[in-house]
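Have a look at the structure below before the remarks.
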There are 2 protein chains.
Amino acid sequence: MNVFRFLCVLIFGLVHSYGAVIQNYDVEEIKERHRRSVSTDRRSVIRNISPEDRPSCPPGQSSPPNRINSTERLRNLRNEMRIIGIDAYIIPSEDAHQSEYTSPYDQRRKFICGLSGSAGYAIVTMTKAALWTDGRYFLQAEAEMDCNWILMRKGEKDVPSSTEWLTSVLEVKENATVGSYPFFLGSNSWTLYEEELSKNNIKMIKTNEDLVGKIWTTGRPPFPNSPINALPYKFSGRHWHEKIADMHVAMKERNADAMVVNGLDETAWLLNLRASDIPFTPVFFSYVIVDRRKNQTILYIKNHNIKLTSNPTDEATTQKLYEYLNTGTDGSCSGKPGYCVEVREYDPLPVTSKVSSVVEYSERVWISPICSYAFYSLIPKEKLLQENTPISIQKARKNPIERQGMIQSHVRDAVALISFISRLEKEVKAGIRWTELSAADELSKYRGKQKYNRGLSFESISSSGPHGAVIHYSPSNVTDKEITTDEVYLLDSGGQYLDGTTDTTRTFHFGTPTDFQKECYTRMLMGNIDLANVKFMKTSFGPYGRELDILARRHLWNSGLDYRHGTGHGVGMYLGVHEGPAGIGMNRKQPFNDYPIEEGQFFSDEPGYYEDGSFGVRVENVMEVKKVNLKYKFRDSVFLGFETITLVPVEPNLIKYEMLSGDQIDWLNTYHKKVQDTIGPLLINTNREAYDWMELRTRTITRAVSSGPRTFVSLLITFFSFTLYFVL
Amino acid sequence: MNVFRFLCVLIFGLVHSYGAVIQNYDVEEIKERHRRSVSTDRRSVIRNISPEDRPSCPPGQSSPPNRINSTERLRNLRNEMRIIGIDAYIIPSEDAHQSEYTSPYDQRRKFICGLSGSAGYAIVTMTKAALWTDGRYFLQAEAEMDCNWILMRKGEKDVPSSTEWLTSVLEVKENATVGSYPFFLGSNSWTLYEEELSKNNIKMIKTNEDLVGKIWTTGRPPFPNSPINALPYKFSGRHWHEKIADMHVAMKERNADAMVVNGLDETAWLLNLRASDIPFTPVFFSYVIVDRRKNQTILYIKNHNIKLTSNPTDEATTQKLYEYLNTGTDGSCSGKPGYCVEVREYDPLPVTSKVSSVVEYSERVWISPICSYAFYSLIPKEKLLQENTPISIQKARKNPIERQGMIQSHVRDAVALISFISRLEKEVKAGIRWTELSAADELSKYRGKQKYNRGLSFESISSSGPHGAVIHYSPSNVTDKEITTDEVYLLDSGGQYLDGTTDTTRTFHFGTPTDFQKECYTRMLMGNIDLANVKFMKTSFGPYGRELDILARRHLWNSGLDYRHGTGHGVGMYLGVHEGPAGIGMNRKQPFNDYPIEEGQFFSDEPGYYEDGSFGVRVENVMEVKKVNLKYKFRDSVFLGFETITLVPVEPNLIKYEMLSGDQIDWLNTYHKKVQDTIGPLLINTNREAYDWMELRTRTITRAVSSGPRTFVSLLITFFSFTLYFVL
């Protein structure tokens with residue numbers, strides 16, 4: 001029912017927002033609700049919302065056509081709930097690793113209620129079923145869910161939080177219980193549910209099984225089982241055994257004896273392994289335990305016996321996984337000298353029992369703030385160190401080889417983008433039919449031809465006209481729209497490469513944009529440039545992403561405009577296109593905006609503007625954080641700045657040059673010179689049309705062009721004086 | 001020994017930093033130390049610092065000349081410590097209200113160790129005495145303390161924190177105890193001492209008496225006892241009984257039954273009373289308890305019986321304090337209809353016993369984060385609400401009458417400043433001798449002549465040449481320096497008025513500044529203007545001061561320069577020149593930088609640059625936060641901006657106009673037009689010289705002037721073309 005998607009206009013999250021931290025967002029929401037509930041007894045005032053409040057579910061209607069019938073599924077689920085004796089069951093969107101994108105196997109929440117959108121959680125009681133989602137999915141949820149479901153529109157007036165609702169619907173029962181499978185719910189969310197519900201004597205219960213999984217007996221996609229490959233040293237820049245040694249150092253510094261690694265990009269980075277268990281992110285289902293005291297590292301993977309012996313670890317070698325990890329074919333390390341990773345079967349029970357035994361003899365155990373409650377609950381508070389892991393910190397600060405790879409992969413990605421867009425523009429102008437979908441599909445072929453490409457880093461946002469204002473839009477057969485010379489075309493896409501992950505947005509108008517479109521684009525671009533151009537002193541207290549965001553937002557704010565998303569996210573190296581722990585945005589509820597910007601990190605820079613029902617503009621570049629040398633050196637301080645590594649021309653057709661400052665013009669010229677110097681030689685002999693397209697867009701703009709009426713006058717005078725001079 | 005002061009170059013705090021939050025800074029420091037101490041056993045590695053490490057205390061030297069001899073004082077203090085059985089005693093700088101400025105009566109830390117600087121705390125054990133202070137006071141402490149004292153230079157390598165030091169010097173003793181008088185130590189500091197020391201079985205002990213006060217038997221200044229005056233409604237804009245009703249509303253919202261008010265500016269604001277118990281801040285020693293459940297408000301003041309009846313509450317009336325507060329002459333409310341404030345004697349014992357009894361029957365008691373441990377410790381955790389009080393929040397958001405007063409008082413203050421500086425400049429240029437001190441003294445006379453003036457709001461920073469680089473500098477007889485045409489002169493000063501508090505900095509060069517001085521001044525000014533000119537959307541998550549700071553700092557950072565202080569502080573209305581809860585700065589350790597900027601607040605905008613040993617430049621204006629109307633209106637958002645209310649010309653002699661952007665030039669022109677329009681009519685007939693001085697400095701600058709080489713060329717061409725035209 002994607003026809004409704006483009007109508008969703010209330011956007012609260014980041015541009016294709018960090019799924020992994022949605023749980024933190026919820027935590028903040030719960031906290032706020034809590035504050036409110038302290039002041040008034042919310043139970044008596046919360047709105048009693050029922051399925052009949054939904055436009056498509058008037059009284060008598062139970063299952064409008066074309067949607068999943070949840071009646072039997074709910075009946076089965078309630079049966080399971082009855083067996084273990086719980087009164088409500090929480091089904092979040094996340095998998096056991098709190099992943100941003102989930103595999104179809106893990107889409108339990110979609111299975112139970114029908115909503116296919118990425119964000120939302122369901123709660124089922126013995127008589128009611130409710131789904132909470134945000135403004136991006138209001139219309140989609142309305143269209144996809146049958147009438148068993150109450151739709152809770154988060155952020156709307158009087159819509160109760162999940163704890164308020166649970167308190168209200170369960171209050172009649174003594175000693176009510178709410179269950180959830182502790183692998184799927186993050187530790188922060190769980191503890192806040194627990195805290196809130198306990199005030200009304202409602203108890204949170206860990207279920208031993210995934211109840212939705214248990215009833216999902218037919219039509220369930222298989223558990224992902226993609227081959228695992230090693231990432232060669234020439235891409236990773238550090239051997240896995242060196243990384244484990246680094247972990248030991250970092251853990252020693254914080255007196256941590258063990259670390260339980262729950263995030264899939266963390267296990268993949270640590271062991272320099274990649275796979276494709278999850279769409280767009282080259283990871284595999286796994287846990288790692290780093291046990292410093294026993295000098296033991298354990299990797300849990302599915303089908304570990306087969307994986308150890310059946311696949312070479314890399315296309316270019318015949319090395320098997322057990323050879324690569326210096327382990328036995330049975331996964332054990334016995335008799336192995338030097339570094340070795342023990343490999344065991346990915347299965348909740350053995351993992352948790354191992355974690356329990358490690359916790360037993362350890363004094364301090366490190367887990368990430370983004371960690372399932374399953375592990376969190378095994379670690380007593382006095383032994384718990386829950387902070388960004390050294391993996392996440394070191395993963396974000398790329399090493400020199402990774403930095404080189406990020407730069408190189410962006411060069412190849414730019415070649416693909418420029419080649420495709422130059423053709424697209426020419427053909428759209430020539431009247432050849434292109435649509436959002438066909439453009440996205442064709443672009444992915446261009447990317448696929450580039451060296452080291454391993455697919456896309458996220459579903460392309462290829463959006464024409466009003467679709468561009470839907471920040472999370474991606475085209476489907478239902479919504480697909482032609483790209484014309486009459487509307488703005490916004491293209492946000494990226495690739496996975498063995499040596500890097502890319503993420504680029506460019507906005508075009510292949511005809512004549514309106515003055516307002518140009519103004520919005522230019523203000524947005526001014527912010528994009530100001531952020532890219534900032535130099536900042538490294539201090540013990542920052543700066544943090546929150547403190548830089550205003551540079552990107554300021555020029556839109558100056559005229560009363562805004563974009564409702566953050567400005568930049570971290571980018572992985574052949575890993576997640578969204579990567580913590582740092583980000584650039586002003587939403588202090590997002591913890592990644594409150595983390596220092598450090599050398600070697602990579603961020604997107606992507607302010608935008610969205611005019612509902614009309615158009616959207618955004619320019620997104622990836623930038624490297626680098627040391628810079630400046631004119632002066634204040635007390636031997638270190639100054640950092642950004643170096644833009646995305647190398648695609650910025651569309652001149654949408655710029656009002658007279659609005660740009662001299663510094664902004666200078667930045668644009670320097671940037672375009674770099675595009676020309678770097679990408680030019682790669683195109684000039686192979687794709688002359690693309691070269692010319694690029695060359696035309698990267699010519700030096702004179703500062704004079706930017707100076708508006710004043711300089712226009714001086715140009716006139718110059719012209720006049722020269723005329724006079726020669727005529728007379 | 002102020003001769004050393006100007007050499008202090010390591011500055012960590014804010015410009016004349018918020019004394020009230022120094023305790024929070026210490027808290028953060030303790031936390032950081034704690035993190036470190038977790039990783040290594042610091043006890044074994046901390047540097048063993050003794051008095052002999054001090055340059056002025058070589059072996060054998062005990063008391064160099066010209067300093068307080070602390071031997072007998074320490075002997076007496078240790079006697080007291082022995083009597084109550086404690087092994088160490090902590091003496092902070094603060095008074096019982098954690099005031100920024102303290103009365104001479106409260107300067108215990110100075111009495112015990114000799115250091116007269118504003119920041120630092122002393123700890124005395126049975127055999128050792130140590131003082132911790134920051135870079136501003138290293139040289140001064142060295143010069144003022146005798147050789148009984150160890151000098152702990154905070155921030156220097158291997159200097160132990162106070163808890164590390166206590167742990168190391170007390171570790172030989174079983175069950176060691178550290179005492180402090182709980183009224184002087186803030187709750188945050190105390191609880192962190194407690195937490196840290198308890199790890200080594202050292203116990204914190206509340207002493208029943210101020211031990212230093214007990215031994216300070218001779219030469220102690222009297223307890224302040226200034227008359228209390230009511231602030232008429234035409235200045236306060238809200239009656240005290242309305243404010244108490246407002247408190248009840250705010251307290252009800254957070255389910256608080258009672259509020260214990262500890263801050264002197266909070267009690268003064270709540271009851272619209274002013275006095276002069278503390279230098280520069282028109283407050284009086286007092287506590288207030290707002291008891292919502294009993295509908296009772298109690299004010300504790302010193303000599304309450306005399307004060308109730310002896311003084312009229314305002315120069316213009318004969319109303320007595322008891323009449324004003326609708327209380328009996330005995331301070332009781334019995335038989336009083338309507339609002340009434342009970343008045344009792346200011347004395348620790350009755351106050352604490354009253355707080356205890358209020359806590360007994362209340363479910364929730366509100367105190368400020370800046371509150372003495374004395375009160376904090378009386379409230380059980382489950383009843384404690386420790387957050388910014390509604391007083392501090394409403395005090396910062398001025399009401400319409402207060403806003404008008406702030407604006408008007410800044411107009412009068414500008415008349416005083418312009419009148420004085422125009423004379424100073426003329427006379428310095430004419431060779432008449434002016435010094436830092438004589439200028440500051442004369443300026444205070446100019447202020448004193450202004451309507452409603454009630455003295456200065458802080459000690460003037462009048463600094464010539466290298467003194468300008470000492471951020472907290474204020475001249476004394478020892479340091480006094482002539483103001484000449486050869487050096488930069490920085491003047492940071494402010495006044496207290498019945499209708500407002502002012503704080504203005506201007507920097508001058510009465511001769512020819514160097515190119516570097518001009519560049520620094522211009523970059524600083526560009527930041528000052530950019531911050532003043534920002535428009536920001538009001539959101540549920542900010543913006544906060546931390547997020548705006550970079551606008552002021554950016555242009556200095558662009559060239560590798562910085563200033564080591566925050567950019568802006570809140571300003572009170574005839575109250576503290578530094579006022580919470582919000583501020584503008586990037587130091588996330590300072591909680592006031594992490595608080596929303598809201599309509600009706602007033603902030604200083606004061607970036608600077610300081611070249612050690614050479615000069616300092618700073619421009620400081622006070623700005624009001626106001627709603628603004630912009631070109632567009634994004635989804636009915638509210639946008640805020642700043643309106644500068646300080647109306648003193650910016651010194652053109654130090655500006656490199658070609659560096660300014662068009663927007664910055666426009667701002668400067670608009671600002672100077674406002675100065676001319678507002679201040680001009682007040683000077684033109686009374687002080688023609690000052691008028692001319694102002695007029696010359698507020699003329700419109702053409703944008704062309706700002707455009708540097710490019711426009712210079714176009715001007716040349718213009719000139720050339722006209723010449724050609726007329727000649728030929």
Side-chain angles (χ1 to χ4, degrees), chain A residues 32 35 38-39 252-255 533-537 539-544 546-551 553-554 556-562 564 586-589 594 612 628-635 637 639 661-663 703-704 707-708 710-711 714-715 717-718 720-722 724-725 728, chain B residues 35 38-40 252-255 533-537 539-544 546-551 553-554 556-562 564 586-589 594 612 628-635 637 639 661-663 703-704 707-708 710-711 714-715 717-718 720-722 724-725 728:
Chain A
E32 280 205 4
R35 273 181 63 134
V38 166
S39 59
K252 185 153 191 265
E253 261 178 28
R254 301 300 313 280
N255 276 5
N533 210 7
V534 69
K535 312 290 174 260
F536 46 97
M537 198 169 87
T539 68
S540 61
F541 42 80
Y544 290 58
R546 264 178 69 191
E547 297 157 352
L548 300 181
D549 182 88
I550 194 162
L551 297 175
R553 210 171 290 271
R554 182 164 70 116
L556 287 162
W557 275 1
N558 275 344
S559 68
L561 303 176
D562 187 41
R564 289 202 179 168
M586 213 176 261
N587 188 342
R588 57 186 275 277
K589 291 178 181 176
D594 229 343
D612 296 340
V628 289
N629 288 316
L630 300 169
K631 188 173 173 189
Y632 305 111
K633 203 165 169 58
F634 183 75
R635 293 182 193 165
S637 298
F639 277 84
S661 72
D663 286 348
R703 263 190 177 231
S707 310
R710 169 167 43 92
T711 308
S714 78
L715 281 174
I717 290 169
T718 312
F720 179 58
S721 70
F722 277 92
L724 274 171
Y725 186 76
L728 297 169
Chain B
R35 273 179 66 130
V38 166
S39 60
T40 46
K252 183 152 192 265
E253 261 179 29
R254 301 301 313 280
N255 277 3
N533 209 7
V534 70
K535 312 290 174 261
F536 47 97
M537 198 169 87
T539 69
S540 61
F541 42 82
Y544 290 57
R546 263 178 69 191
E547 297 157 353
L548 301 180
D549 181 88
I550 194 164
L551 297 174
R553 211 172 289 271
R554 183 163 68 116
L556 287 163
W557 275 1
N558 275 344
S559 67
L561 303 177
D562 188 41
R564 290 201 177 168
M586 213 175 259
N587 188 343
R588 58 186 276 277
K589 291 179 180 175
D594 227 344
D612 297 338
V628 290
N629 288 317
L630 300 169
K631 187 173 174 188
Y632 305 111
K633 204 167 167 59
F634 183 76
R635 293 183 190 163
S637 297
F639 277 84
S661 73
D663 286 350
R703 262 190 179 230
S707 311
R710 172 166 43 93
T711 308
S714 78
L715 282 173
I717 291 168
T718 312
F720 181 51
S721 71
F722 277 91
L724 274 172
Y725 185 77
L728 296 170

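Values below: every heavy atom of this structure, side chains too, minus hydrogens, waters and symmetry copies. Here is how names work: the chains are called A, B, and so on, in the same order as the sequence lines, proteins then strands, and each is numbered from 1.
- With salt bridges taken as basic N to acidic carboxylate O contacts below 4.0 Å, one links B:R546 and A:D594.
- If you measure heavy-atom distances from A:D663 to chain B, you find no contacts under 4.5 Å at all.
- Contact of B:N629 with chain A is not made at all, since no heavy-atom distance falls under 4.5 Å.
- Relative ring orientation between B:W557 and A:F536 is described as tilted, the plane-to-plane angle lying within the 30° to 60° band.
- A 4.5 Å side-chain heavy-atom check between B:R635 and A:R564 finds at least one atom pair inside the cut-off.
- Proximity to chain A (any heavy atom under 4.5 Å) is shown, for B:L556, by neither the backbone nor the side chain.
- In this view, A:N558 and A:R523, A:R554, A:H555, B:K535 satisfy the side-chain contact (heavy atoms from CB on, under 4.5 Å) rule, not counting sequence neighbours.
- Heavy atoms closer than 4.5 Å to chain A are found in both the backbone and the side chain of B:D562.
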